[in-house]
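Okay, structure first, notes after.
Numbering of residues begins at 1 and proceeds along the displayed sequence.
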Amino acid sequence: MRTSVRTAAVLLAALTLSALGVFGTSSASADGRQHRAVAATLERVTDFGSNPGALSMYRYTPQGLGTGRPVVVVLHGCTQNAATYFDGAGWQRAADEHGFSVVAPQQEPANNANRCFNWFQSSDTARGRGEALSVRQMVERTVRDLDADPSRVYVTGLSAGGAMTSALLAAYPDAFAGGGVVAGVPYGCATSLIGAFTCMNPGVDKTPRQWGDLVRAAYPGYTGPRPKVSVWHGTADYTVAPRNATESVDQWTDALGADRTADATHQLPGGTTRSDYRDGTGQVAVRSYLVTGMGHGTPVAPGEGCGRAGAYFLDTICSTKYLVQDWSLSG
């Protein structure tokens with residue numbers, strides 16, 4: 001099974017990179033300096049479970065971190081690795097300032113030549129299978145090792161990592177309290193290579209109920225609380241069409257029982273519009289962050305000490321800061 005997955009994934013990654021005009025990994029900042037030093041801040045963890053997705057696990061634990069603290073899972077995009085995303089998106093500083101651990105799963109070339117998570121393969125996104133189960137096992141190991149709070153586990157990721165974030169939120173609503181999908185696609189949008197390209201651009205149109213049904217089918221019979229979701233996208237993203245943000249909001253508002261019309265909107269730095277969608281209890285269940293003129297990447301703000309500008313890290317707004325606030329990680 002892994003062989004067929006790898007073949008399809010390699011084709012998808014190669015074609016995606018060709019469309020981007022990018023061949024090979026870029027971990028340099030805008031001024032050309034390489035991000036090598038950060039690798040020392042991440043601990044490689046082995047023996048975290050059966051690891052059916054054959055991923056590597058990296059973890060960051062701030063010095064003096066106490067027990068009962070939150071855990072954040074960060075999923076890199078294609079051509080990136082765990083250290084690149086951890087550093088570029090500014091997660092080390094956030095973890096140090098607010099007191100939480102970070103789990104950074106890493107895709108390996110043996111699974112995907114360009115390190116894309118295999119978000120379009122049901123064998124890697126279904127509950128109890130493949131890469132999704134590997135990430136779940138990383139979280140379980142971290143909760144045990146650090147005596148972390150299992151009710152305060154969150155996940156975010158970029159592009160392929162954003163799509164995998166959607167899959168984890170759908171398949172493991174009992175494991176995550178919230179998620180941030182950055183330049184990703186709705187859960188269940190594709191189950192094949194051809195379908196993946198259609199999802200990315202121009203996108204797929206379904207009714208909110210159809211999207212919500214895909215989430216509910218990921219864990220049949222589940223009646224517990226579901227994680228709150230934020231959706232981040234640039235209006236000038238020509239790799240993963242902005243339409244995916246609209247469809248993702250449709251999916252998660254339906255799954256979470258929230259209004260499909262925004263209850264409030266706010267203007268934020270970087271030309272960002274935040275829209276809030278409240279559920280029946282009046283709580284914000286879904287948030288949309290639409291960044292005007294931004295292309296494909298994670299929003300960062302180096303001038304505020306938030307991440308590093310470079311390939312797929314775009315100087316607009318500190319998405320990490322807002323995710324920390326949305327998840328109340330400082331308390």
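Residues S159 and T239 form no side-chain contact, since every pair of their non-hydrogen atoms from C-beta on lies 4.5 Å or further apart. Side chains of E131 and Q121 form no contact here, defined as non-hydrogen atoms less than 4.5 Å apart.
Using the six-membered ring where Trp is involved, Y289 and W232 have ring planes that are parallel, under 30° apart on the 30 and 60° scheme.
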Table please: side-chain donor-acceptor pairs of residues 167-180 below 3.5 Å, with sequence neighbours left out.
unit_1	atom_1	unit_2	atom_2	d
Y172	OH	G128	N	2.8
D174	OD1	R127	NH1	3.0
D174	OD2	R127	NH2	3.0

Please tabulate, for side-chain N and O atoms in residues 213-225, each donor-acceptor pair with protein atoms closer than 3.5 Å (sequence neighbours left out).
unit_1	atom_1	unit_2	atom_2	d
D213	OD1	R216	NE	3.4
D213	OD1	R216	NH2	2.8
R216	NH1	D254	OD2	3.1
R216	NH2	D254	OD2	2.7
Y222	OH	P225	O	2.6

For residues 49-56, which side-chain N or O atoms pair as donor and acceptor with protein atoms under 3.5 Å away, sequence neighbours left out?
unit_1	atom_1	unit_2	atom_2	d
S50	OG	Q137	NE2	2.9
N51	OD1	A54	N	3.3
N51	OD1	L55	N	3.1
N51	OD1	S134	OG	2.7
N51	ND2	L55	O	2.8
S56	OG	R44	NH2	3.4
S56	OG	E108	OE2	2.7

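For the side chain to side chain contact (heavy atoms under 4.5 Å, CB included) test with L75, the passing option among V103, T156, V155 is V155; the others fail.
Among residue pairs with one or both ends in residues 275-285, those qualifying as side-chain hydrogen bond (donor to acceptor under 3.5 Å, both in side chains) are D276-R287, D279-T281; sequence neighbours excluded. The ring-ring contact (aromatic ring centres under 6.0 Å, His included) analysis of residues 236-259, with sequence neighbours excluded, yields no pairs. The stretch residues 64-80 participates, sequence neighbours left out, in no salt bridge (charged side-chain N to carboxylate O under 4.0 Å, His left out) pair at all. The list of side-chain hydrogen bond (donor to acceptor under 3.5 Å, both in side chains) pairs with a residue in residues 179-203, not counting sequence neighbours, is empty. Pairs of residues two or more places apart, or lying in two chains, never qualify as ring-ring contact (aromatic ring centres under 6.0 Å, His included) while including a residue from residues 93-115. The ring-ring contact (aromatic ring centres under 6.0 Å, His included) pairs that include a residue from residues 130-151 number zero, where partners must be two or more places apart or lie in different chains.
The side-chain hydrogen bond (donor to acceptor under 3.5 Å, both in side chains) search around T207 returns Q210, not counting sequence neighbours. With sequence neighbours left out, S330 forms a side-chain hydrogen bond (donor to acceptor under 3.5 Å, both in side chains) with no residue at all. With sequence neighbours excluded, the residues forming a side-chain hydrogen bond (donor to acceptor under 3.5 Å, both in side chains) with R141 are D145, listed by chain and number.
Inspection of the T272 and Q267 side chains reveals no N or O donor paired with an N or O acceptor under 3.5 Å. Under the 3.5 Å distance criterion, with hydrogens and angles disregarded, no donor-acceptor pair is assigned to the side chains of Y154 and D326. Judged purely by distance below 3.5 Å, without hydrogens or angles, the side chains of D149 and S151 pair a donor atom with an acceptor atom.
Although no hydrogens or angles enter the test, the distance criterion places no donor-acceptor pair under 3.5 Å between the side chain of D124 and the main chain of G130. Judged by distance alone, with hydrogens and angles left aside, the side-chain atoms of T298 form no donor-acceptor pair with the main-chain N or O of L158 at under 3.5 Å. Of the possible polar contacts, none joining the Q80 side chain to the Y85 backbone as a donor-acceptor pair under 3.5 Å is found. Side-chain N or O atoms of T235 include one that pairs as donor or acceptor with a backbone N or O of G293 at under 3.5 Å.
For H76 and F117, the ring centers sit closer than 6.0 Å to each other. In this structure, Y60 has its ring center closer than 6.0 angstrom to the ring center of F86.
With respect to the salt-bridge test (charged N to carboxylate O, under 4.0 angstrom), the residues R308 and D87 qualify.
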